[in-house]
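Let me begin by presenting the structure, written as structure tokens, before commenting on it.
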Amino acid sequence: MNQFKHFAAIDWSGAKGSRHRGIALAMCDTGDDAPRLIDAPSGIWSRTAILDWLRAHKSDRLLVGFDFSFAPPFVQRGAYLPGEPTPHTARPFWAYVDAACSDPDLGAASFLETRRGRHFYLSAADGPKANFMHFRRCEAHFNASGGGKPSTVYDAIGAAQVAKASFAGMRLLHHLGADVPVWPIDPVPDTGALVVEIYTTIAARAAGLRKGISKMRGPRALDAALTHPAIGSRPHVPLDRYDDHATDAILTAAWLRATAGDVSKWAPKALNHEIAATEGWTFGVV
């Protein structure tokens, strides 16, 4: 997969509203220069502005990673939202989510809120949390191999808000349409850009950060991760402000560059056609 010459990681947000300090975009080229943050057109990124940026770079030899789940679990229960007449593959499901949302800036909070207690856990009033803990095959495989237990898109509690971020991301993928393929739902193209799902903790582990400590909140910690032999980057250009969003995006962009040529990353042993079409897969889980 050496056709990629540019590598970007996007720390995503499902927060309500139209501009989000929780979104960060970092990008690097082949070589060893550290990734740099890309400034938003208006100073703070919106989800729509990220969509526009992707479309503008669709012809570039660019690998882009997003840190949200590209689809809910399907294989285990035979449906995304059992009892609800949803489509049976990812792309039509993205359209289904988008049609059900009127939230601004590709938000999806209303999709979860109108289905709370049936499909999504938003508080103890929704019943036992264990009833909502369903996972994709990728997540189950990652957990079984010792990677740890990731979040489920049905749990909308907690600071990370993986649920709202993921369903907002599905709206973005729907609007992206055929402009940029999405792996493994689509095959890897011979040229042009490609979107993959990432899990920033995988990049952190590769960079030597031990379990339970995956965040870099200062320049020394970020440089130690970037210059780790598995990442192979130079130190970063100092930032005006250090936060989890910026440092995660910078490190993960460098990790994508370091791993994109690894054939095993593109052929996970547990991935099959059904999983690819319905649930997708997280790049780096082998």
Side-chain angles (χ1 to χ4, degrees), residues 6-27 38-42 44-60 62-72 80 86-87 89-113 120 136 138 151 153 156 160-186 189 192-200 245 248-249 252-253 256 276-283:
H6 315 283
F7 307 87
I10 299 172
D11 200 66
W12 188 241
S13 174
K16 293 182 179 181
S18 297
R19 297 206 301 168
H20 313 282
R21 295 191 180 277
I23 294 178
L25 165 58
M27 187 173 175
I38 305 299
D39 293 332
S42 60
I44 300 175
W45 282 106
S46 67
R47 290 181 285 260
T48 304
I50 290 289
L51 175 61
D52 293 340
W53 184 89
L54 278 172
R55 286 174 172 156
H57 291 273
K58 66 181 181 181
S59 298
D60 296 349
L62 170 67
L63 181 62
V64 182
F66 275 102
D67 68 334
F68 61 80
S69 296
F70 286 4
Y80 294 116
T86 59
T89 54
R91 282 194 176 276
F93 183 73
W94 299 341
Y96 181 85
V97 173
D98 185 67
C101 295
S102 59
D103 309 57
D105 192 41
L106 303 176
S110 65
F111 190 87
L112 281 64
E113 290 162 356
F120 300 102
R136 300 179 300 166
C138 176
S151 300
V153 297
Q161 287 291 353
V162 65
K164 291 178 183 177
S166 294
F167 282 88
M170 293 174 213
R171 292 192 69 190
L172 175 137
L173 295 176
H174 168 66
H175 284 268
L176 189 60
D179 286 344
V180 179
V182 177
W183 180 87
I185 293 158
D186 304 314
L194 176 69
V195 167
V196 297
E197 177 184 325
I198 55 174
Y199 183 33
T200 57
H245 311 297
D248 279 353
T252 308
L256 276 174
T278 57
E279 298 185 351
W281 198 264
T282 304
F283 182 76

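Just the heavy atoms: all of them, side chains too, but no hydrogens, waters or symmetry mates, feed the values below. Along the sequence shown, residues are numbered consecutively beginning with 1.
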Once side chain to side chain contact (heavy atoms under 4.5 Å, CB included) is applied, do any residues pair with Ala277, and if so which ones, sequence neighbours excluded? Thr89

Which heavy atom of [X] sits nearest a heavy atom of [Y], and at what distance?
X: Val162; Y: Ser151; result: CG1-CB, 3.4 Å
X: Pro181; Y: Asp186; result: CA-OD2, 3.4 Å
X: Cys101; Y: Ser110; result: CA-OG, 4.1 Å
X: Phe68; Y: Glu197; result: O-CG, 3.1 Å
X: Ala249; Y: Ala24; result: CB-O, 3.9 Å

For Lys58, check side chain to side chain donor-acceptor pair (under 3.5 Å) against everything at least two apart and list the hits.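 Side chain to side chain donor-acceptor pair (under 3.5 Å) list for Lys58, sorted by chain: empty.
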
Which residues pass the side chain to side chain donor-acceptor pair (under 3.5 Å) test with Ser59, sequence neighbours left out?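 Ser59 satisfies side chain to side chain donor-acceptor pair (under 3.5 Å) with no other residue.
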
Any non-hydrogen side-chain atom of [X] less than 4.5 Å from a side-chain atom of [Y]?
X: Val196; Y: Val64; value: no
X: Pro72; Y: Arg136; value: no
X: Leu54; Y: Phe66; value: yes
X: Phe70; Y: Leu173; value: yes
X: Val97; Y: Tyr80; value: no
X: Asp248; Y: Asp67; value: no
X: Pro104; Y: Ser18; value: yes
X: Phe120; Y: Phe167; value: yes

Could you walk me through whether His175 and Arg55 pass the side chain to side chain contact (heavy atoms under 4.5 Å, CB included) test, one step at a time? CA-CA 10 Å; His175 284 268; Arg55 286 174 172 156; 4.1 Å; yes

Rounded to the nearest 0.5 Å, what's the gap from [atom1] on [X] to [atom2] on [Y]? Could you check?
X: Cys138; Y: Trp281; atom1: SG; atom2: CH2; answer: 4.5 Å
X: Leu106; Y: Asp98; atom1: CG; atom2: CG; answer: 7.0 Å
X: Leu51; Y: Leu172; atom1: CG; atom2: CG; answer: 5.0 Å
X: Ile50; Y: His20; atom1: CD1; atom2: NE2; answer: 10.0 Å
X: Tyr96; Y: His174; atom1: OH; atom2: NE2; answer: 14.0 Å

Could you walk me through whether Arg19 and Trp45 pass side chain to side chain contact (heavy atoms under 4.5 Å, CB included), step by step? CA-CA 6 Å; Arg19 297 206 301 168; Trp45 282 106; over 6 Å; no

Output, in order, the C-alpha distance, side-chain angles, deciding distance and verdict of side chain to side chain contact (heavy atoms under 4.5 Å, CB included) for Phe283 and Leu256. CA-CA 9 Å; Phe283 182 76; Leu256 276 174; 3.8 Å; yes

What pairs with Asp103 under salt bridge (charged side-chain N to carboxylate O under 4.0 Å, His left out), at least two apart in sequence or on another chain?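 None.
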
Does Arg47 have any salt bridge (charged side-chain N to carboxylate O under 4.0 Å, His left out) partners at least two apart in sequence or in another chain, and if so, which? Asp105

Would you give me the side-chain donor-acceptor pairs under 3.5 Å for residues 6-15, sequence neighbours excluded?
unit_1, atom_1, unit_2, atom_2, d
His6, ND1, Asp29, OD1, 2.7
Asp11, OD2, His245, ND1, 2.7
Trp12, NE1, Ala165, O, 2.9
Ser13, OG, Ala15, N, 3.1

Parallel under 30°, tilted from 30 to 60°, perpendicular over 60°: which one fits the rings of His57 and Trp53?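 Tilted.
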
